[in-house]
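I have placed the structure first, in the form of structure tokens, so that the comments after it can refer back to it.
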Amino acid sequence: MTALSEQLIDRILRGDRRTIARAISSLEAGDAFSHNVRVACRRHVGRAHVIGVTGPPGAGKSTLVSSLIAGLRARGNTVAVLAVDPSSPFSGGAVLGDRIRMGVHQSDDGVFIRSLASRGHLGGLTAAAADVIDLFDAAGFDTVIVETVGAGQSEVEITRYADTRVVACPPGLGDDVQAIKAGVLEIADVFVVTKADLPDARRTASDLKSMIALRRNTQNPPAVMPVSTVDDKGIPELVAWLADRTVRGLRHADGGIRQARDLVERCLANDNFGQAMGMELLHASPGHVTLRMPVTRTQINFNGRCHGGAIFALADMALGLACNSHGMLATLIDSQMSISTALEEGEHLVADAIEVARSRKIGTYQVRLTRARDDKHVAMLNGTVYVLNQPVDVPELPAS
Ligand SMILES: Nc1nc2c(ncn2[C@@H]2O[C@H](COP(=O)(O)OP(=O)(O)OP(=O)(O)O)[C@@H](O)[C@H]2O)c(=O)[nH]1
Ligand SMILES: [Mg+2]
């Protein structure tokens, strides 16, 4: 590591705001400095309480976060907030709205608020968000709050980096409580019924309670707490409930999302073929990997299109990383690929590999390949892997 980056890292760990802001931009862009930031932060994480706040659009998440900041500050906690907006291709619109709404806290030194918007690349956002959470943790913030709109897989995955998951449910969902994605229901530690000053709030709270009661085998059933930011009702109770939680650093647990990502990162960095093809990691969690690859001149066939072998190569790599992400060596034994769209030089191809099923010995995976520019379907690969009784063994990444 150069003397300059060591100096910058030192400033981050001391909580210097300007350097933290610069490091976040670096993590977003994935530039050369970002690698050093990630490696350095990793040694200093696990102290902060990471709270994920998710819920449908307009549920009152940002307003709730603003009240939580006030409540936590009153207890002397420092708070960093990351607002993630996967739907917005620009750092404007709703994200800017969030900045303004939480604006009263911007002049407070114990509060740091940052928005992260997708740059149009699926999956990359989750990776950047995970890195920013670690950065805030390493920089010494007591509480890190992450706000995401609970719509798709990548948002749910972001909340897997949290120690405590808050799902905001606005009143009026009524019978549509079921409409809250099943994935979101599974992850909740507490359901906050927002806008509790509105008439339907009681009904929403009781619907949620009966839904929880119906679900069996729940050892730690999620709490249901109504709050209203209009008159601050329920906010002190929620802040006290959050402050009482002692969970920390869950995202680094064995078999967890962070471990899978570290492993996948190392596998890709140590893969000569993947490196030669310019493959880049956008997302990794247990059983799920997203890669991107540029279509270069050497991959173009006699017909001026991307060679089918190059498309297969990316699919195979993504599948290979997804099936090895659990830490046990697995190898492809059978696959079938269908291609529907030709690609030209200069395009980028994205491969999203997900685990469909896995037993002790056999795993089945599906890889969806799309053109990065417009998410157009390019190809689909279905594959079966054989799991060996042997751990994945790849060297650590050096700090450069
Ligand atoms: N009546 C009432 N309205 C509220 C309350 N909290 C938030 N709202 C209103 O609900 C609307 C949405 O609030 P936000 O905090 O922006 O919701 P959000 O979930 O962050 O929205 P997105 O980030 O766009 O998904 C705003 O008009 C708020 O003023 C509340 O406690 N009571
Ligand atoms: Mg918001």
Side-chain angles (χ1 to χ4, degrees), residues 50-72 79-106 111-118 125-126 129 132-133 143-159 162 164-174 176-177 179-181 183-185 187-205 208 223-239 241-242:
V50 183
I51 302 172
V53 178
T54 191
K61 300 179 293 296
S62 299
T63 324
L64 175 68
V65 169
S66 189
S67 299
L68 290 180
I69 296 173
L72 290 162
V79 186
V81 178
L82 179 65
V84 183
D85 191 343
S87 57
S88 164
F90 314 105
S91 317
V95 177
L96 196 61
D98 282 327
R99 279 197 185 148
I100 293 164
R101 221 166 285 143
M102 294 182 191
V104 282
H105 304 290
Q106 287 289 29
V111 178
F112 194 105
I113 297 170
R114 178 73 179 236
S115 299
L116 208 57
S118 152
L125 190 62
T126 326
V132 177
I133 294 169
T143 309
V144 178
I145 304 179
V146 189
E147 179 193 332
T148 58
V149 179
Q153 186 160 24
S154 68
E155 299 78 72
V156 171
E157 255 157 19
I158 291 166
T159 64
T164 301
R165 285 155 268 237
V166 177
V167 175
C169 301
L173 287 175
D176 297 336
V177 162
I180 305 172
K181 289 255 160 120
V184 176
L185 286 184
I187 58 158
D189 294 303
V190 55
F191 287 104
V192 170
V193 178
T194 50
K195 313 185 190 184
D197 49 291
L198 298 183
D200 279 345
R202 256 168 213 270
R203 162 106 195 270
T204 303
L208 282 167
V224 176
M225 303 180 83
V227 306
S228 166
T229 51
V230 174
D231 49 15
D232 247 20
K233 267 216 179 91
I235 297 287
E237 290 83 351
L238 178 60
V239 170
W241 186 89
L242 289 168

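Scope of the values below: all heavy atoms of this structure, side chains included, with no hydrogens, waters or symmetry mates. Just so it is clear, the structure is predicted and the values come from calculations on it, not from any experiment. Both counts, for ligands and for their atoms, begin at 1 and track the order of listing.
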For this session: Could you establish whether S228 and ligand 1 come within less than 4.0 Å of each other, counting only heavy atoms on the residue side?
Result: yes
Find out whether [X] and [Y] are in side-chain contact, i.e. whether some heavy atom of one side chain is under 4.5 Å from a heavy atom of the other.
| X | Y | value |
| --- | --- | --- |
| T229 | S66 | no |
| V166 | W241 | no |
| T143 | L242 | no |
| V144 | L82 | no |
| T194 | T63 | no |
| I113 | I69 | yes |
| L64 | I235 | yes |

Going by distance only, is there an N or O of [X] that falls short of 3.5 Å from an N or O of ligand 1?
| X | answer |
| --- | --- |
| P57 | no |
| T194 | no |
| G58 | yes |
| G60 | yes |

Exercise. Which atoms from ligand 1 have a heavy atom of E147 less than 4.0 Å away?
Worked result: 20 (O), 23 (O)
For this session: Considering the heavy atoms of V230, write down every atom of ligand 1 situated less than 4.0 Å from one of them.
Result: 1 (N), 2 (C), 30 (C), 31 (O), 32 (N)
Seminar exercise, completed: Filtering D197, T229, T63, V227 for the heavy atom nearest atom 28 (C) of ligand 1 leaves T63
For this session: Tell me, please, if T63 has any N/O/S atom, main chain or side chain, under 2.8 Å from the Mg ion (ligand 2)?
Result: no
For this session: With the Mg ion (ligand 2) as the reference point, give the N/O/S atom of E147 that is nearest.
Result: OE2
